[in-house]
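A short worksheet on the structure shown next.
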Amino acid sequence: TTGFEEMETSAGGHPVRRLKSNPATPGNALVMSIDIRLQAMVEELFGDRRGALVAIDPRNGEVLAFVSKPNFDPNLFVDGIDADNWKALNESLDKPLLNRALRGTYSPGSTYKPFMALAALTLGKRTPQQSIYDPGYFNFGGHTFRDDKEGGHGSVDMYKSIVQSCDTYYYQVAAETDIDEWAAFMKQFGFGQKTGIDIDGELAGILPTREWKAKRFPKDPKLHVGDQVSLGIGQGFNTFTPLQMAHATAILANRGTAFKPHLVKRVQDSRTGEARLTQPKPAYTITLKDAHVDAVMRGLEGVVKEGTGRTPFLNAKYTSGGKTGTAQVFSLKGAQYKEGGVKRDLRDHALFVAYGPVDVPRVALAMVVENAGFGGAAAAPIARRVLDYVLLGQWPSEEDVVATSAGVSTSPKGVPRRASEVSIPGLAASGAGPAASAVDAKAAP
């Protein structure tokens, strides 16, 4: 609030005496949840690649990292950006002005499968032990839907369907489940909904239903079974933001308790010094059976122990869960996908979701690396280093940073450094990082 003074002056304009005074009141302090060291590390690990990563503390909804790549220097706008810089930013094919974490919408690919598994359990379509036979394809309605593995996975139960990412399993689940029933279940996890994060511009994405299809495609209003089958593996009309996927993963890691994601951790009164948390209580709780959550979490733990995310998580000193994903950018129309034979901008996106440690999760994340191919090779290595940072206070070695930013790393190389001892340009040694986060964690809800 602006202050003022009312003064009596002489005819010559000189002050004579003060008649009234009202001092200025400084604004409240906003304490952010972003861990600036983690933010800097992730930006470095992305290198020149496009994509986004959102990391959330599932215990309270605090956003620890909110990365969109490529980024830009906001100082260019302080005094009014010049025409050349504006043209370079606005016309760049890499779209640096797009906040991918908040407004980038992507098919979730196989990162959607754990939620489909949980929906199948909740809606009574599957049990954890129930198996199907996967010959490598699924025939339905006169169409053949190919599995991710030529020749198929053989006998597949729920655990194997998650660990080996079996498409056929989820084709069948989708074909046997009413689309509106599973959409209503997914809505509880925030898919296709704005999370309500405390910054403007968030997109809702698309969680398809029969009503949505009829409104979006009035000339072809019916949601065909073929559409529904593709949706079951996270393809088709499904599009979600990295923020939404991280939020959903945090809710799952928290066994159904949802906090609203937020960047402002607390507000401190400038006059009294009193601080208040912006989100002190859960937003809501999803009613889930513990046995169902346990079954899905066993599968996610298996992914990083023996499945599609195993290699990047070799020798990790904690137990975590994760899921790889690969999302098509364009339709192959029956042709076989070969990454080397496709232009870069048409290559598949690589996705990964993760949380850890399994017993009391302290971090949940979702990320996408655009046009990078398989999620286990391009995205999971970055996720591994985020978990190492948050859970162990480690920063990757110099050689590992180089390899990861170039997209050629798996499990960490060299000897990791203490994150608190790594110098970040422009950042004073203020205690920001894992040590500071550990102190705050003691008071976390």
Side-chain angles (χ1 to χ4, degrees), residues 50-56 58 61 63 65-69 95 97-116 118-119 170 174 179-217 223 227-252 258-263 283-284 286 323 325-331 348-354 364-371 375 379:
R50 301 186 299 260
L53 180 146
V54 178
I56 296 174
V63 178
F66 201 76
V67 173
S68 177
K69 290 284 288 183
K95 299 181 179 179
L97 294 176
L98 172 65
N99 187 335
R100 287 167 163 84
L102 189 71
R103 296 180 59 81
T105 52
Y106 305 88
S107 294
S110 293
T111 64
Y112 199 52
K113 290 175 181 175
F115 299 95
M116 282 297 296
L118 190 56
Y170 293 96
I179 178 67
D180 289 341
E181 286 187 17
W182 105 47
F185 178 83
M186 296 298 185
K187 185 177 180 180
Q188 300 176 94
F189 286 86
F191 289 113
Q193 315 296 313
K194 293 183 180 181
T195 67
I197 192 171
D198 47 359
I199 49 176
D200 291 335
E202 180 181 8
L203 292 186
I206 298 172
L207 178 64
T209 61
R210 289 187 178 88
E211 181 182 6
W212 173 87
K213 177 71 187 301
K215 289 182 178 179
R216 178 66 177 81
F217 298 98
L223 186 70
D227 297 332
Q228 187 166 316
V229 170
S230 295
L231 294 174
I233 63 166
Q235 298 288 171
F237 298 125
N238 287 315
T239 57
F240 311 124
T241 65
L243 172 60
Q244 282 180 345
M245 291 188 279
H247 180 46
T249 305
I251 297 173
L252 177 60
F259 286 85
K260 182 185 290 188
H262 53 282
L263 293 160
Y284 59 90
I286 304 171
K323 184 69 190 78
T326 305
Q328 287 185 356
V329 175
F330 79 113
S331 174
D348 293 346
H349 294 328
L351 299 99
F352 197 75
V353 298
L365 66 86
M367 62 171 299
V368 58
V369 184
E370 294 183 7
N371 310 120

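Positions are given from 1 along the sequence.
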Heavy-atom side-chain proximity of Gln235 to Gln328 below 4.5 angstrom: yes
Side-chain touch Thr105/Ile206, heavy atoms, less than 4.5 angstrom: no
Derivation of the side chain to side chain contact (heavy atoms under 4.5 Å, CB included) call for Leu263 and Ile199: CA-CA 8 Å; Leu263 293 160; Ile199 49 176; 3.7 Å; yes
Straight-line distance of Leu98 CG to Arg103 CZ, nearest 0.5 Å: 7.5 Å
Student check: side-chain heavy atoms of Leu102 and Ile197 closer than 4.5 Å: yes
Side chain proximity check, Ile56 to Leu365, heavy atoms < 4.5 angstrom: no
Closest heavy-atom pair and its distance - Ala246, Ala364: O-CB, 4.5 Å
Shortest non-hydrogen separation from Pro58 to Ala250 and the atoms involved: CB-O, 3.5 Å
Flag side-chain contact, heavy atom, 4.5 Å: Val368 against Phe352: no
Spacing of OH belonging to Tyr170 relative to NZ belonging to Lys113, to within rounding of 0.5 Å: 7.0 Å
Listed partners of Asp198 passing salt bridge (Lys or Arg N to Asp or Glu O under 4.0 Å), at least two apart: none
Intermediate values then yes/no, side chain to side chain contact (heavy atoms under 4.5 Å, CB included), Val369 and Arg50: CA-CA 6 Å; Val369 184; Arg50 301 186 299 260; over 6 Å; no
Nearest-0.5 Å distance that lies between atom CG in Asn238 and atom CE in Met186: 8.5 Å
Taking every non-hydrogen atom, the tightest pair across Gly232 and Met116: O-CG, 3.5 Å
Test item: Val63 and His262 side chains (from C-beta on) under 4.5 Å apart, heavy atoms: no
More than 12 heavy atoms of other groups within 6.0 Å of Glu211 CD: no
Distance in Å, Ser68 OG paired with Asn99 CG, rounded so as to fall on 0.5 Å steps: 5.0 Å
Results of side chain to side chain contact (heavy atoms under 4.5 Å, CB included) for Arg216 - residues two or more places apart only: Trp212
Lys69: partners by salt bridge (Lys or Arg N to Asp or Glu O under 4.0 Å), with sequence neighbours left out: none
Ring center gap for Phe240 and Tyr112 short of 6.0 angstrom: yes
Which atom of Gly234 lies closest to which atom of Ser107, heavy atoms considered: O-CB, 3.5 Å
Val54/Met367 under side chain to side chain contact (heavy atoms under 4.5 Å, CB included): CA gap, chis, key distance, verdict: CA-CA 6 Å; Val54 178; Met367 62 171 299; over 6 Å; no
Pair Lys213-Ile179, side chain to side chain contact (heavy atoms under 4.5 Å, CB included): steps then yes or no: CA-CA 11 Å; Lys213 177 71 187 301; Ile179 178 67; over 6 Å; no
Separation between CD of Gln188 and CD of Gln193, rounded to the nearest 0.5 Å: 10.5 Å
Closest non-hydrogen atom pair, Met245 against Thr111: SD-OG1, 4.1 Å
Ile251 side chain reached by Tyr284 side chain, heavy atoms, under 4.5 Å: yes
Which atom of Pro242 lies closest to which atom of Ala366, heavy atoms considered: O-CB, 3.7 Å
Test item: Phe115 and Phe191 side chains (from C-beta on) under 4.5 Å apart, heavy atoms: yes
Reported OG1-to-NZ distance for the pair Thr209 and Lys215, which is rounded to 0.5 angstrom: 8.5 Å
Check: Thr195/Gln244 side-chain N/O donor and acceptor closer than 3.5 Å: no
